[in-house]
Number of protein chains: 2
Amino acid sequence: MNKRKTQKQSTRENIIAAAKTIYVDKGILNTATSQIADTANIAHGTLFLHFPNKDSLIIELIDVELSKFSDNLKQLILETSDVRTILNRYLTLIQEEEGFFSTLACELPYYKRELRRQILFRQSLIREHFHQVIQQGIEQNIYAKINIPCALTFLFGTINYYLSLNKSFVQEGSVLNKFHEQIIDIFIKILQK
Amino acid sequence: MNKRKTQKQSTRENIIAAAKTIYVDKGILNTATSQIADTANIAHGTLFLHFPNKDSLIIELIDVELSKFSDNLKQLILETSDVRTILNRYLTLIQEEEGFFSTLACELPYYKRELRRQILFRQSLIREHFHQVIQQGIEQNIYAKINIPCALTFLFGTINYYLSLNKSFVQEGSVLNKFHEQIIDIFIKILQK
DNA sequence: TAACTCGGTGAGCGTGCGCTCAGCTAAAGG
DNA sequence: CCTTTAGCTGAGCGCACGCTCACCGAGTTA
């Protein structure tokens with residue numbers, strides 16, 4: 001790899017890193033591309049040499065983050081099929097990037113259709129895995145015969161709600177960390193007979 | 001009241017009605033004030049004779065709607081203290097203005113601090129009433145000794161989640177209507193022993 | 001009826017944002 | 001060492017939006 005190519009790649013990574021900082025801090029929809037460029041220490045125009053428009057930068061940024069998240073999740077899923085354990089680690093993974101997921105929760109309704117589709121597709125895969133594990137529990141007579149999709153909406157809806165609240169109303173610290181145990185307890189209660 | 005005053009009041013009401021139509025349809029943050037004026041069949045400048053700026057129009061619009069909602073809710077609260085009944089009618093009230101509450105759910109994180117405070121204060125009053133009714137149920141040994149605030153967050157979080165989904169992903173009809181019974185059933189299950 | 005008041009009008013101002021492009025510099029190529 | 005090329009620069013274009021203001025005409029007043 002020659003000097004030019006490494007330089008180019010490094011600039012691109014700078015842009016994504018800067019965009020992520022801003023994303024976590026105050027969201028990206030209401031941030032000017034010029035500010036992203038400033039944060040990345042590049043000229044405004046340079047940004048558009050690496051990304052044809054603001055949307056494609058957002059798409060790449062989110063895709064990079066969600067890929068990391070999915071990879072982590074896949075691993076944990078292979079290790080156990082205990083709902084409490086999986087949920088516990090799922091929440092921990094989100095907490096580690098809580099700023100990111102808070103912004104995602106708030107901005108999701110405003111992304112372009114295609115990006116929203118991508119994000120929701122990834123979410124549906126996670127949902128499906130939870131579904132299978134709970135289904136096993138029901139078949140083994142551990143859990144009650146509940147409406148699984150609806151129970152999962154309670155779970156993901158609540159997490160989503162906490163994440164939006166965090167961004168809007170809590171100054172410091174992690175909301176999910178504070179309510180971690182309570183979320184798990186109530187969800188398990190929904191599953192139980 | 002002379003002709004000028006009635007004319008002025010009617011114009012003001014036209015503006016709020018137009019703003020509400022747009023609010024329900026596609027939200028107001030991403031709508032130009034010129035379009036609100038078009039919908040109300042008035043000149044762009046007229047809007048700013050009745051409201052000093054866009055924000056104060058949003059504030060009044062939301063305040064009018066939430067007042068109506070609160071009044072309705074107060075009445076139903078006086079009539080019964082059965083959680084299922086109250087929740088049932090609470091959901092019905094939201095359904096009747098589902099478009100409005102969908103937009104509210106999506107836009108809330110982006111409103112100015114003061115407006116957000118107002119909206120959340122109203123929500124906290126509703127929350128408090130649910131809290132009291134459930135507390136009664138626990139004292140009468142009908143329900144388990146659960147963490148009430150956390151249970152309520154599951155409820156409101158889920159409703160909020162359904163509302164945002166509705167706006168983004170469902171073309172026609174009411175999401176809350178479709179899942180009305182399931183929401184009630186699962187919430188009651190959380191309360192039960 | 002003449003003078004005055006006041007709600008309404010809409011062209012246009014200021015600003016901010018996404019994005020472009022002519023020009024520059026330094027690395028790559030011969 | 002000279003030419004070519006790739007990556008970067010930043011002034012500035014076009015547009016959209018919130019908001020203003022000089023002007024108009026109908027309603028009110030005396």
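Keep in mind the model is a prediction, meaning the values are calculated, not measured.
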Ring centers of A:Phe69, A:Phe101 separated by less than 6.0 Å: yes

From CG of B:Leu57 across to P of D:dG18 the rounded distance in Å is 11 Å

I'd like to know whether the aromatic ring centres of B:Phe100 and B:Tyr23 sit less than 6.0 Å apart in this structure. yes

Salt-bridged, B:Arg89 to B:Asp82, with N to O below 4.0 Å? no

Tell me whether B:Lys20 is salt-bridged to B:Glu97, with the criterion being a basic N under 4.0 Å from an acidic carboxylate O. yes

Do A:His44 and A:Asp38 have side-chain atoms, one donor and one acceptor, less than 3.5 Å apart? no

Indicate the ring-plane relationship of B:Phe130 and B:Tyr90, choosing parallel, tilted or perpendicular according to the 30° and 60° boundaries. perpendicular

Going by atom types only, do A:Gln9 and A:Glu13 share a side-chain donor-acceptor pair under 3.5 Å? yes

Does A:Arg12 pair with A:Glu60 as a salt bridge, N-O distance under 4.0 Å? yes

Are B:Gln132 and B:Glu128 close enough that a side-chain donor and a side-chain acceptor fall under 3.5 Å? no

List in numerical order all residues of residues 31-55 of chain B for which some heavy atom is under 4.0 Å away from an atom belonging to DNA chain C. B:Ile42, B:Ala43, B:Gly45, B:Thr46, B:Leu49, B:His50

What string of B, S and - do you get for nucleotides 22-30 of chain D, 5' to 3', when a contact is any protein heavy atom under 4.0 Å? ----BBS--

5' to 3' contact window, DNA chain C with chain A (heavy-atom distance under 4.0 Å): C:dC17 to C:dA28

If you count every heavy atom of other residues, nucleotides or ligands that lies below 6.0 Å from B:Lys74 atom NZ, does the total exceed 12? no

